[in-house]
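What you see below is based on every heavy atom in this structure, not just the backbone, and it leaves out hydrogens, waters and symmetry mates. Both counts, for ligands and for their atoms, begin at 1 and track the order of listing.
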Amino acid sequence: MLPQLNGKSYPKEVCLNGIWQKPEEAKISVFDRGFMLGDSLYEVIPFYDGKVFALKEHLSRLKYCLQEISLDFDVEMLIPYIEDSVRRSDNAGKDAAVYLQVSRGAAPRSHFFPERSEPIFLLYSFPVNLSGFENKHWKLLISEDIRWHRCDIKTTSYLANTMLNDKSYKLGLNETLLVKEGMITEGSHSTAFFVKDKIIFTHPEGHQILSGITRKIVLDLCQNLGLEIREEAFPFSEIENADEVFLTGTTTQIMAISEIQFQDNILFQAVESGPITRKLQEAFIQKTRNP
Ligand code: PDD
């Protein structure tokens, strides 16, 4: 059994290319392009009370990303493995998530995509507490968005994201909010929303952000609740004037923000979650727990 680290444990089993095995026995080639070049994609899929949520949306994003990197892989064949990964774990019937990765596979190292390679897939489930998020608040740090120009591709090449996230972690904060050319793009692993004068703002889809599945769910909820939403980037200079800020993501769900720091200044502070954030959180709980 592999040891825990930072309060996180390894799964008891992983599925590598359809074979369930102990993680310490699962092996990939040192020439795997995911390992060598970051030539691989991933998804994190939530399970509420043991039931998968938004599977179709996660798989269609994976399909889009596969197309963008010219990798031929049948996404549909993953479905039984995804379902199985929770069923056969200690997480059955509980809140959990599945980590899923598809790599182009092994080939002699080259900068161009090899003519032939056997893609490999890895997946496993892990426990995650998806209840009570509506009672939590996160504190954020602002940093320059140093990532590449295709943030819509959910690649495992998350070095920039982890460098950025580590900055807030080291300060005891929860997430890093990214700014590019004076505008907020998103978080290092989450989508950002701002509320000003009852209007909700979030960065438009495109190459600068990941098309978050939770983002899309929140956009739909806004429409159902009659809330005004604009897919427009929010300026860094306006953060001081924001009424509410929240982040979204598969495991983040809808997280209220209580503080935003930039260098040594506090740009935004809120003692409690705002009314729009709370309304969306309630609707989100309804949707995820009673789909
Ligand atoms: N992160 N933006 C970035 C850069 C992300 O990495 C994520 C998700 C999101 C939110 O997307 P979604 O709502 O589809 O989860 C936005 C995942 C969960 C992770 O890295 O673990």
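When only modelled atom types and interatomic distance are considered, Glu175 and Ser188 share a side-chain donor-acceptor pair under 3.5 Å. A donor and an acceptor atom, one from each side chain of Ser125 and Ser89, are located under 3.5 Å apart. A side-chain donor from one of Asp32 and Ser103 sits under 3.5 Å from a side-chain acceptor of the other. Defined by atom type and a distance below 3.5 Å, a donor-acceptor pair is missing between the side-chain atoms of Asn174 and Tyr169. Using modelled atom types and a 3.5 Å distance limit, the side chains of Asp145 and Thr185 yield a donor-acceptor pair. One side chain, Lys167 or Ser143, offers a donor N or O that lies under 3.5 Å from an acceptor on the other. With no hydrogens or angles considered, a side-chain donor-acceptor pair links Thr277 and Glu244 at under 3.5 Å. In this model, no donor atom of one side chain and acceptor atom of the other lie less than 3.5 Å apart for Thr214 and Thr248.
Within the listing of ligand 1, atoms 10 (C), 13 (O), 15 (O) sit less than 4.0 angstrom from a heavy atom of Gly249. Listed by atom number, the atoms of ligand 1 under 4.0 Å from Thr191 heavy atoms are 10 (C), 16 (C).
Atoms CG and CD, from Leu177 and Glu186 in turn, are 9.5 Å apart once rounded to the nearest 0.5 Å.
Residue Ser190 touches ligand 1 through its backbone alone, judged by heavy-atom distances below 4.0 Å.
No N or O atom of Arg147 sits closer than 3.5 Å to an N or O atom of ligand 1. Checked by distance only, ligand 1 and Gly212 stay at 3.5 Å or farther apart across all their nitrogen or oxygen atoms. The shortest N or O to N or O distance between Arg215 and ligand 1 is not under 3.5 Å. Looking at Thr251 next to ligand 1, no N or O pair under 3.5 Å apart turns up. Every N/O-N/O distance between His58 and ligand 1 stays at or above 3.5 Å. By the 3.5 Å distance cut-off applied to N or O atoms, Thr248 is not counted among the residues near ligand 1. Between Tyr42 and ligand 1, a contact under 3.5 Å exists for at least one N or O pair.
Here the protein heavy atom with the shortest distance to atom 17 (C) of ligand 1 is Lys154 NZ, 3.4 Å. Atom 13 (O) of ligand 1 has as its closest protein heavy atom Thr214 OG1, 2.5 Å. Protein heavy atom nearest atom 7 (C) of ligand 1, with residue, atom name and distance: His189 O, 3.3 Å. Given atom 4 (C) of ligand 1, the protein heavy atom at minimum distance is Tyr158 OH, 3.4 Å. Regarding atom 2 (N) of ligand 1, its nearest protein heavy-atom neighbour is Glu186 OE1, 2.7 Å. At the shortest separation from atom 15 (O) of ligand 1 among protein heavy atoms lies Thr250 OG1, 2.5 Å. Atom 21 (O) of ligand 1 has Val44 CG2, 3.6 Å as its closest protein atom, hydrogens excluded (heavy atom only).
Within the 4.0 Å heavy-atom shell around ligand 1 one finds Ser188. The closest approach between Arg61 and ligand 1 falls below 4.0 Å for a heavy atom of the residue.
Looking at heavy atoms from C-beta onward, Ser117 lies out of side-chain contact with Arg33 at the 4.5 angstrom threshold.
Nearest approach of His58 to Val44, heavy atoms of both residues: CE1-O, 3.0 Å.
No cation-pi contact links Arg109 to Phe31, judged by a cut-off of 6.0 Å to the six-membered ring centre and 45° from its axis.
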